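For reference, the structure discussed in these notes is given below.
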Amino acid sequence: MKTPYDIIVKPIITERSMEKAGDKIYAFEVARDANKIEIRQAVETIFGVEVQSVNTMNVQGKVKRMGVHIGRRSARKKAIVRLKPESKGIEFFEGMV
């Protein structure tokens, strides 16, 4: 059985995601086999918030070159989590905005 910490791999900290944090929209990198229900339960358990919706997307790895060698970055799954308006924010992101 997966724990919530196995499902949520790490938060995605970008300029775009920090702008959305004010609207209670957060981005996370999640396990590739996690579904929306598991992601919702994991975020609610870890951060103690109420989730309104979860959108997921599979991000394919980019092809990169290092001289004559060609490689590929690893693929990942990204989740965009929207909190309910009456819910509190996630404290982890509040200090970064």
Side-chain angles (χ1 to χ4, degrees):
M1 183 172 187
K2 293 185 281 190
T3 66
Y5 295 98
D6 293 333
I7 295 171
I8 305 295
V9 176
K10 64 181 180 180
I12 297 176
I13 309 297
T14 62
E15 198 172 320
R16 188 174 185 181
S17 68
M18 290 297 103
E19 287 178 4
K20 299 281 187 180
D23 299 329
K24 296 186 179 179
I25 301 172
Y26 303 98
F28 297 97
E29 184 176 331
V30 296
R32 300 270 329 258
D33 59 343
N35 60 32
K36 291 182 180 185
I37 296 168
E38 292 173 336
I39 295 167
R40 165 179 270 168
Q41 292 171 349
V43 170
E44 289 178 346
T45 303
I46 293 171
F47 299 108
V49 294
E50 296 178 31
V51 176
Q52 180 177 344
S53 65
V54 177
N55 294 338
T56 60
M57 61 193 84
N58 287 311
V59 180
Q60 297 300 319
K62 292 181 177 181
V63 175
K64 291 291 182 178
R65 287 184 43 203
M66 182 72 78
V68 296
H69 302 287
I70 298 176
R72 183 180 270 289
R73 287 188 182 167
S74 59
R76 59 194 173 113
K77 189 171 190 176
K78 187 161 80 167
I80 308 298
V81 178
R82 179 186 297 265
L83 302 183
K84 291 184 178 179
E86 62 272 5
S87 177
K88 64 179 180 127
I90 296 177
E91 294 87 19
F92 179 80
F93 289 92
E94 288 178 3
M96 297 182 187
V97 176

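Values below: all heavy atoms of this structure, side chains included; hydrogens, waters and symmetry mates excluded. Predicted model only: the values in this text are computed from it and were never measured. In this chain, residues are counted from 1 in sequence order.
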D23/R82 ion pair, N-O < 4.0 Å: no
Could you go through the side-chain contact (heavy atoms from CB on, under 4.5 Å) check for F47 and V81 one step at a time? CA-CA 12 Å; F47 299 108; V81 178; over 6 Å; no
Indicate the atoms forming the closest heavy-atom contact of V30 with V9, along with that distance. C-CG2, 3.7 Å
If you take all heavy atoms of E86 and K24, which pair is closest and at what distance? C-NZ, 4.5 Å
Where do R72 and V63 come nearest, in terms of heavy atoms and distance? NH2-CG2, 3.6 Å
Is the backbone N or O of I70 less than 3.5 Å from a side-chain atom of R65, with the two atoms forming a donor-acceptor pair by type? no
Heavy-atom count check: over 12 atoms from other residues, nucleotides or ligands less than 6.0 Å from M57 CE? yes
In the single-linkage hydrophobic clustering (I, L, V, M, F, W, Y; side-chain heavy atoms under 4.5 Å), do V59 and I7 co-cluster? no
Taking S87 for the side chain and L83 for the main chain, is one N or O donor matched with an acceptor at less than 3.5 Å? no
Are I37 and Y26 joined in one hydrophobic group, where the rule is that I, L, V, M, F, W and Y side chains link up if heavy atoms are under 4.5 Å apart? no
If you define the side chain from C-beta out and look only at heavy atoms, does anything of K77 sit under 4.5 Å from T56? yes
Taking the side chain as every heavy atom from C-beta outward, state whether K36 and R40 have any pair of such atoms under 4.5 Å apart. no
Here the pair of heavy atoms bringing A75 nearest to R32 is CB-NH1, 3.6 Å
Between K2 and E38, is there a salt bridge with N-O shorter than 4.0 Å? yes
Keeping the roles fixed (side chain from E50, backbone from E44), state whether a donor-acceptor pair exists under 3.5 Å. no
Pairwise side-chain contact, S17 with T14, heavy-atom cut-off 4.5 Å (strictly under): yes
Do I12 and K78 have side chains that approach each other closer than 4.5 Å (heavy atoms only, starting at C-beta)? yes
I46 versus P4, closest heavy-atom pair with distance: CD1-O, 3.6 Å
State, with a plain yes or no, whether a side-chain heavy atom of K64 is found less than 4.5 Å away from one of R73. yes
For the residue pair V49 and G89, what are the closest heavy atoms and their distance? CG1-O, 4.1 Å
